[in-house]
Amino acid sequence: MSQIPSNALAEKAVNTIRMLAADGVQKANSGHPGMPMGAADMAFVLWSRHLRFDPAEPRWIDRDRFILSAGHGSMLLYSLLHLAGFDLSLDDLQNFRQVGSRTPGHPEFGHTPGVEVTSGPLGQGFANGVGFALGQAMLSAQLGPGNPVEDHWVYAIVSDGDLMEGVSAEAASFAGHNKLGRLVYLYDDNQITIDGSTSLAFSGEDVTGRFEAYGWQVQSVDGRDREGISRAIEAAKADLSRPSLVRVHTTIGYGSPNKHGKSSSHGAPLGEEELKAAKEFLGWPQEPRFLVPDDVRALWSEVVRDRKAEHAAWQRRAEGWRAANPEKAKLLDAHVNRTVPPDIAARLLEGADASDATRKLSQAVAQKAAALVPSLVGGSADLAESNLTDIKGAGGVGPGQYAGRNVHYGIREHAMGAIANGLAFDGNHIPFVGTFFVFSDYMRPPVRIAALARLQTIYVWTHDSIFLGEDGPTHQPVEHLTALRAIPNLHVVRPADGVEVALAWAHALTRREGPTGLVLTRQKIARIERTAGFDAAQVLRGGYLVAGSPGAKVTLVATGSELATAQGAAALLARKGIATRLVSVPCLACFEAQPEAWRREVIPAGQRVAVVEAARGIEWWKLAGSDGLVIGIDRFGASAPEKALAEEYGFTPEKVAARIEGWLST
Ligand SMILES: Cc1ncc(C[n+]2csc(CCOP(=O)(O)OP(=O)(O)O)c2C)c(N)n1
């Protein structure tokens with residue numbers, strides 16, 4: 001541990017953070033100075049005295065994780081990363097919020113070394129941290145005592161906004177239940193949000209009581225009391241049986257004589273005059289801007305030198321552990337590399353040529369996948385029985401029991417998505433999480449972040465259409481395929497049978513640059529008959545020809561359960577002398593990413609195209625074209641048996657064939 005700096009030097013180091021943030025926001029003429037200025041003391045204490053890191057190896061597996069959940073305070077994080085020697089220069093800080101800079105408005109994972117999560121949508125980072133702690137506990141339990149990931153902590157700075165968002169409540173409840181004691185969250189309790197005082201909307205709430213009731217340890221400390229903050233962090237770590245929240249009472253915009261304690265310092269530059277006044281107030285030179293005094297630089301070099309020594313000591317221990325535990329070392333590597341066998345598609349395809357409810361087919365494939373991919377961990381929001389997500393024989397995760405591979409997220413879809421993202425950000429697991437497709441709405445914010453941050457998160461969304469039946473329109477997705485397909489970099493895959501399900505899983509397991517949603521039926525699907533010579537690899541292209549009459553001028557496109565319906569319709573049309581080609585498009589985004597030659601082979605020019613999908617269908621018009629037909633659904637579903645709904649909504653082979661015949665005759 002480095003020498004604790006004198007009070008004067010510590011004060012200077014804290015002011016360095018404040019002024020880097022204020023200068024950065026001023027230069028960009030945009031951003032949030034108040035939070036960094038108010039939280040600079042706690043950030044300095046945490047980073048200089050407690051946080052374990054090595055700037056030369058930002059992904060060191062036993063580093064402490066630091067999450068800035070209040071991502072709008074990004075200049076705080078960028079200043080810390082710069083001072084702590086990460087690959088982020090003063091030039092980068094000066095380019096805050098500019099085109100192509102490494103210092104975007106809110107932290108973006110994969111964009112800036114040392115940024116652990118993409119944060120900004122309040123509450124997400126809070127829940128991501130829970131995923132990090134869960135991942136640490138699970139991997140550590142698999143590896144046994146003395147392992148090389150045993151000893152790290154998950155720290156976060158969270159704000160009023162984070163704690164008001166429901167997702168943090170879900171995640172806190174989950175963390176308390178599961179006794180994730182390696183979480184240490186510092187709450188920037190400044191009682192100010194954008195609209196003004198928290199008394200406008202957050203007054204009567206007993207945050208301490210609420211978190212204690214969740215099973216957290218809660219402490220309170222003054223935000224300028226650096227020793228007190230440090231002691232609180234020690235006390236949080238001393239209680240391994242509970243996560244910890246340290247309420248740090250701060251003043252937003254501290255140092256700005258006219259804006260401190262006010263929402264005016266939250267989200268706008270201080271302004272030249274006020275910046276000048278703040279520098280005067282803090283005894284800081286007016287020029288140069290972005291000043292890092294030499295003694296502050298020296299302080300940080302000392303901190304970094306000590307941290308590197310800790311890393312080196314860890315490396316020696318880890319090598320010893322590897323030598324003594326070769327099998328466990330392999331397991332660790334399989335997690336860290338998220339190893340997937342190169343022939344995964346072929347392995348999952350073995351015996352997969354079956355027809356059934358696609359959720360059931362998925363269950364069978366997931367068992368095989370879990371045996372082949374040690375880092376795969378499952379879970380569901382209390383619907384494991386319906387989503388069929390359990391990894392059989394692998395055991396559940398619960399309080400103090402982390403060696404299982406099935407996470408019980410409870411009925412907390414939003415936090416489930418964000419916790420899964422935490423696992424994926426951390427990178428040592430491939431998480432898959434299940435719920436009813438209609439409730440993908442409840443987890444949409446983390447799905448969007450997963451797509452943006454290029455995370456390998458897998459969603460098992462079952463009960464994928466009105467054909468789930470009697471539960472009725474509250475449970476019947478209609479617009480969800482369209483809504484999710486609108487998210488860039490999310491692959492929505494709606495397979496039709498065992499072959500497509502196996503390849504959908506293979507795709508999800510090998511796709512490292514973004515999330516995949518598997519959209520699966522509750523009901524059984526009739527067998528799909530493919531033309532001889534079918535090559536399973538074609539499924540991975542997102543769209544392929546299932547069957548076709550030579551010379552046909554009409555192509556029927558369908559997905560999931562409607563592929564069998566369209567196949568039935570094609571047979572009826574053939575009897576009337578109307579030849580068709582049948583195309584399956586289990587993944588529209590994958591198909592659209594194919595070279596034009598493939599797309600043209602699947603849907604040749606000059607074809608009339610009819611798409612059949614029991615959903616909103618808006619996105620299919622690009623394939624159908626202006627003389628095409630989209631047989632979809634433009635109203636909500638209804639509570640009735642599946643077969644009655646198929647009649648009512650026009651999704652029997654007969655009704656589909658009749659629609660197509662009518663369309664062709666116009
Ligand atoms: C989900 C979400 N809703 C709204 C916002 C817009 N927003 C950014 S900061 C903020 C509130 C700021 O209050 P607080 O969290 O206390 O931060 P501080 O004022 O202390 O900087 C809001 C509403 C957001 N980033 N995320």
Side-chain angles (χ1 to χ4, degrees), residues 17-18 21-22 24-25 28 30-43 67-80 96-97 104-109 117-129 156-172 185-203 205 207 222-224 245-256 259-270 278 413-415 417-418 421 441-450 452-453:
I17 296 170
R18 288 196 178 104
V25 172
S30 155
H32 302 77
M35 186 270 181
M37 293 173 80
D41 285 286
M42 68 173 102
I67 293 169
L68 183 68
S69 186
H72 59 273
S74 55
M75 268 308 291
L76 176 68
L77 178 54
Y78 299 147
S79 304
L80 290 163
F96 182 48
R97 293 186 162 227
H106 294 81
E108 292 178 33
F109 176 73
V117 307
T118 296
S119 60
L122 290 163
Q124 295 297 322
F126 184 114
N128 295 154
I157 294 184
V158 304
S159 68
D160 296 313
D162 283 307
L163 295 198
M164 283 192 230
E165 291 290 353
V167 64
S168 63
E170 293 179 16
Y185 281 10
L186 306 180
Y187 167 26
D188 179 30
D189 191 355
N190 64 23
Q191 301 190 330
I192 289 290
T193 65
I194 294 179
D195 280 359
S197 159
T198 48
S199 64
L200 290 170
F202 197 47
S203 61
E205 184 161 319
V207 171
D222 184 275
R224 299 247 46 231
L245 185 74
V246 183
R247 294 186 72 159
V248 189
H249 300 287
T250 59
T251 304
I252 192 168
Y254 182 89
S256 158
K259 295 193 172 178
H260 76 121
K262 295 185 186 157
S263 58
S264 53
S265 72
H266 160 86
L270 293 180
E413 295 83 3
H414 194 173
N421 280 354
D441 281 345
Y442 271 52
M443 56 191 297
R444 190 178 169 91
V447 173
R448 183 174 190 275
I449 297 274
L452 170 65

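All of these numbers come straight from a predicted model, not from anything done at the bench. Order of listing sets the numbers, starting from 1, for every ligand and every atom in it. Both backbone and side-chain heavy atoms feed into the values below; hydrogens, waters and symmetry mates do not.
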Is there a nitrogen or oxygen of [X] sitting under 3.5 Å from a nitrogen or oxygen of ligand 1?
| X | value |
| --- | --- |
| G161 | yes |
| G120 | yes |
| M35 | no |
| I192 | yes |

R247 vs L163, side-chain contact (heavy atoms from CB on, under 4.5 Å): CA-CA, chis, key distance, verdict: CA-CA 11 Å; R247 294 186 72 159; L163 295 198; over 6 Å; no
Under 4.5 Å between any side-chain heavy atoms of F202 and T193, yes or no? no
Quick one, F126 with E165, criterion side-chain contact (heavy atoms from CB on, under 4.5 Å). Give me CA distance, side-chain angles, the key distance, then yes/no. CA-CA 10 Å; F126 184 114; E165 291 290 353; over 6 Å; no
S74 (side chain) donor-acceptor with G105 (main chain) under 3.5 angstrom: yes
Using atom types as modelled and distance alone, determine if a side-chain donor or acceptor of E413 lies under 3.5 Å from a backbone N or O of Y442. no
Check each atom of ligand 1 against the heavy atoms of [X] and keep those under 4.0 Å away; list them by number with element.
| X | value |
| --- | --- |
| N190 | 18 (P), 20 (O) |
| I252 | 18 (P), 19 (O), 20 (O), 21 (O) |
| D160 | 15 (O), 16 (O) |

P121 near ligand 1, heavy-atom distance under 4.0 Å?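 Under 4.0 Å: yes for P121.
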[atom] [closest protein heavy-atom partner, distance rounded to 0.1 Å]:
| atom | result |
| --- | --- |
| atom 17 (O) of ligand 1 | H72 NE2, 3.2 Å |
| atom 18 (P) of ligand 1 | H266 ND1, 3.5 Å |
| atom 4 (C) of ligand 1 | L122 CD1, 4.5 Å |
| atom 15 (O) of ligand 1 | S159 OG, 2.6 Å |
| atom 7 (N) of ligand 1 | I194 CD1, 3.6 Å |

Would you sort out whether S256 and M37 count as a side-chain contact (heavy atoms from CB on, under 4.5 Å), showing the intermediate values? CA-CA 9 Å; S256 158; M37 293 173 80; 4.3 Å; yes
All salt bridge (Lys or Arg N to Asp or Glu O under 4.0 Å) counterparts of D162, not counting sequence neighbours: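 Not a single residue meets the salt bridge (Lys or Arg N to Asp or Glu O under 4.0 Å) criterion with D162.
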I'd like to check the salt bridge (Lys or Arg N to Asp or Glu O under 4.0 Å) partners of D160; sequence neighbours left out, ordered by chain and number.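 Salt bridge (Lys or Arg N to Asp or Glu O under 4.0 Å) check on D160 returns nothing, list empty.
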Between I192 and T198 the two heavy atoms that sit nearest each other are N-CG2, 3.9 Å
Parallel, tilted or perpendicular for F96 and Y78, by the 30°/60° rule? perpendicular
Does E165 approach ligand 1 within less than 4.0 angstrom via side chain, backbone, both or neither, non-hydrogen atoms only?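 The part of E165 near ligand 1 is the side chain, not the backbone.
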Do protein heavy atoms approach atom 23 (C) of ligand 1 to less than 4.0 Å? yes
